Protein chains: 2
Amino acid sequence: MAIEIQLGLKPLSEDTCKSLLYTAGEVFAEYGFRAATVREICRRANVNVASINYHFGGKEELYAQVLEHAFRTAAEKYPFDTAGIGPPEKRLEEFITNFMRGCLGCGQAAWHGKLMAREMIDPTGVLTRIVERAIRPRKKILTGIVTEILGEGFSDEEIERCVFSIIGQCVFYSHAKPVIIVINPSIKYDDSWITRTAGHITDFSLAAIRLMARRKRR
Amino acid sequence: MAIEIQLGLKPLSEDTCKSLLYTAGEVFAEYGFRAATVREICRRANVNVASINYHFGGKEELYAQVLEHAFRTAAEKYPFDTAGIGPPEKRLEEFITNFMRGCLGCGQAAWHGKLMAREMIDPTGVLTRIVERAIRPRKKILTGIVTEILGEGFSDEEIERCVFSIIGQCVFYSHAKPVIIVINPSIKYDDSWITRTAGHITDFSLAAIRLMARRKRR
DNA sequence: AAGAGTATCAAACGCATGTTTGAATGTCAA
DNA sequence: TTGACATTCAAACATGCGTTTGATACTCTT
């Protein structure tokens, strides 16, 4: 690539780090930590294979920094803490839509969700950190929304089951994507489809939760 | 191991094949196709590393035969085709319970579900075969049950979304198990828990489907 | 008893991986 | 200009993988 352009200053690219961080996010999200190779990352980033070890100390540390970076950007882009604003039903739909966009969307914004989905299935050493940093806070928010709709008189276990039912519906489309593509090739994972599917999951879950609430009130 | 015992007949073990098939099922279910190593399989089976290539021709062919074997045993053990017997609500609960037992149970009976879950997430060349052989037939049965409860007037897309919502809730506990263990360590994946969780998913889904049906009828 | 066929084994092979090395190149203060 | 420092690079390294090999032991037929 642009090797001869430097025209003077600097050793051509002080931003090898940034390039690696970006490309690594892309490759890790695509293949997962184990299946991704440093050679592939370096090839796409147009840097030498030794760069990863020079700048980051190894594949594992690069992965950790990629996740750290993904946390920050995702937190800005898809705020889940719209707490208390509007009725809980509205917030539920927002939560589900944002969540699915994070898992299934395209581009850098979706790396976060894809990396989390990978970690869920095939955890590395950083799983605990991810849970505390990203998953548990979101579960707390969703639990709050569900609790608000359910009303009084439900055990933590019952509430948690509802939360898992909602999240399960969402991540299914991400986790089982290869199978879904085979089962029903006509599904296009574009933004319009995500919105409609998020709408279905919201309706489906709201119906269930409201019925539980109604039964308890009697 | 028992090398000197042979006492006369046979080359000690003509059943190296069976042992390999069994152990491979265990290891593949535990680690997935890629992460499982032939050396680990052979170590657990107490056979030489060359045995896999001698008897099966390679790791991939062994995997294919393990799946083939798992299909047959699972089909006997957990029959999903209880079609038409009893009310659809009852059949839904049976379906979900059997499905979750297959994904989360212990022992050889659960290999099938675990192998399928692995294949969903990280497909190998046999994914298509698995879909046609195991997944699509079951989806058809579940679709039948859901259609029966929903009644007339729903598009294939609406019905499929409900089916995915149900399956998503089930496989979540299998796919996201490592995360769930961190999030809530108190959950014990025993048979009693599976039954109760299957009950929740049934209630949750039934509530949603019935509400959809009721709305459409008006 | 002899030879053909089958099964097992330790060892090695070829390959891909993450990592390290040592030289080469450029920057910048002294 | 010089020397210390940072960065890049091609090449080599160490390890683990699936697979192959050639010898060995055994059974069974003749």
Side-chain angles (χ1 to χ4, degrees), chain A residues 1-25 27-28 30-67 118 122 124-126, chain B residues 1-25 27-28 30-67 118 122 124-126:
Chain A
M1 62 158 326
I3 305 174
E4 313 304 328
I5 309 299
Q6 30 189 331
L7 281 176
L9 331 173
K10 287 277 165 167
L12 144 58
S13 62
E14 66 88 23
D15 40 19
T16 302
C17 276
K18 302 235 170 186
S19 178
L20 269 176
L21 217 53
Y22 180 91
T23 311
V27 177
F28 281 136
E30 193 168 336
Y31 296 103
F33 173 72
R34 277 171 248 273
T37 68
V38 296
R39 279 177 171 82
E40 170 70 6
I41 294 169
C42 292
R43 196 190 56 75
R44 289 201 204 178
N46 280 105
V47 302
N48 190 271
V49 275
S51 303
I52 287 179
N53 289 281
Y54 180 78
H55 288 284
F56 295 92
K59 184 188 182 185
E60 207 146 346
E61 194 52 36
L62 171 61
Y63 182 66
Q65 294 216 25
V66 164
L67 285 176
R118 290 275 178 194
D122 204 38
T124 69
V126 298
Chain B
M1 60 154 328
I3 305 174
E4 312 304 326
I5 309 297
Q6 28 193 335
L7 282 176
L9 332 172
K10 289 276 168 165
L12 147 56
S13 62
E14 65 88 23
D15 39 21
T16 302
C17 276
K18 303 233 169 187
S19 177
L20 269 176
L21 217 53
Y22 180 90
T23 311
V27 177
F28 281 137
E30 192 167 339
Y31 297 104
F33 174 73
R34 275 171 249 273
T37 69
V38 296
R39 280 175 170 84
E40 169 70 5
I41 294 170
C42 292
R43 195 189 56 75
R44 288 202 204 178
N46 282 107
V47 302
N48 191 271
V49 276
S51 303
I52 286 180
N53 290 280
Y54 180 77
H55 288 285
F56 295 91
K59 184 187 182 184
E60 209 148 344
E61 194 52 36
L62 171 63
Y63 182 66
Q65 294 216 25
V66 163
L67 284 176
R118 289 274 176 194
D122 204 37
T124 69
V126 298

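Worth saying up front: this structure is predicted, and the values here are computed from it rather than measured. A note on names: the letters A, B, ... follow the listed sequences, proteins ahead of strands, and every chain is numbered from 1. Values below: every heavy atom of this structure, side chains too, minus hydrogens, waters and symmetry copies.
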Problem - Residues in ring-ring contact (aromatic ring centres under 6.0 Å, His included) contact with B/F33, at least two apart in sequence or another chain - result: B/F28, B/Y63

Practice task
Rounded off to whole Å, could you give me the CZ-to-P distance for the A/R43 and D/dA10 pair?
Solution key: 15 Å

Practice task
Would you mind reading off the distance between B/F56 atom CZ and D/dG18 atom P, rounded to a whole angstrom?
Solution key: 15 Å

Handout entry: Distance below 4.0 Å between A/T16 side-chain N/O and D/dT8 OP1 or OP2
Key = yes

Problem - Angle between terminal axes - the helix from C/dA1-D/dT30 to C/dA30-D/dT1, 5 pairs each end, rounded to 10° - result: 20°

Problem - A/S51: partners by side-chain contact (heavy atoms from CB on, under 4.5 Å), with sequence neighbours left out - result: A/T16, A/L20, A/V47, A/N48, A/H55

Practice task
State, yes or no, whether a side-chain contact exists between A/L62 and A/L21 at a heavy-atom distance under 4.5 Å.
Solution key: yes

Practice task
Could you tell me whether the side chain of B/D122 reaches within less than 4.5 Å of the side chain of A/R118, counting heavy atoms only?
Solution key: yes

What N/O pairs connect the protein and nucleotides 19-21 of chain D at under 3.5 Å? Give each pair on its own line.
{"unit_1": "D/dT19", "atom_1": "OP2", "unit_2": "B/K59", "atom_2": "N", "d": "2.8"}
{"unit_1": "D/dT19", "atom_1": "O5'", "unit_2": "B/N53", "atom_2": "OD1", "d": "3.4"}

Exercise for the section: Using atom OH of A/Y31 as one end and atom P of C/dT17 as the other, report the distance to the nearest whole Å. Expected result: 11 Å

Problem - C/dT6 phosphate, OP1 or OP2, under 4.0 Å from B/H55 side-chain N/O - result: no

Exercise for the section: Could I get the full list of side-chain hydrogen bond (donor to acceptor under 3.5 Å, both in side chains) partners for B/E30, not counting sequence neighbours? Expected result: B/R44

Practice task
Identify whether any heavy atom of B/A36 sits under 4.0 Å from a base atom; if not, whether one sits that close to sugar-phosphate; answer base, sugar-phosphate or nothing.
Solution key: sugar-phosphate

Handout entry: Under 3.5 Å: donor-acceptor pair, side chain of B/S19, backbone of B/D15
Key = no

Handout entry: B/C42 vs B/I52 side-chain heavy atoms within contact, under 4.5 Å
Key = yes

Practice task
Quickly work out the B/N46 CG to C/dT8 C1' distance and round it to whole Å.
Solution key: 13 Å

Practice task
List for me each residue that meets side-chain hydrogen bond (donor to acceptor under 3.5 Å, both in side chains) alongside A/T124, sequence neighbours excluded, and say none if there are none.
Solution key: A/E119

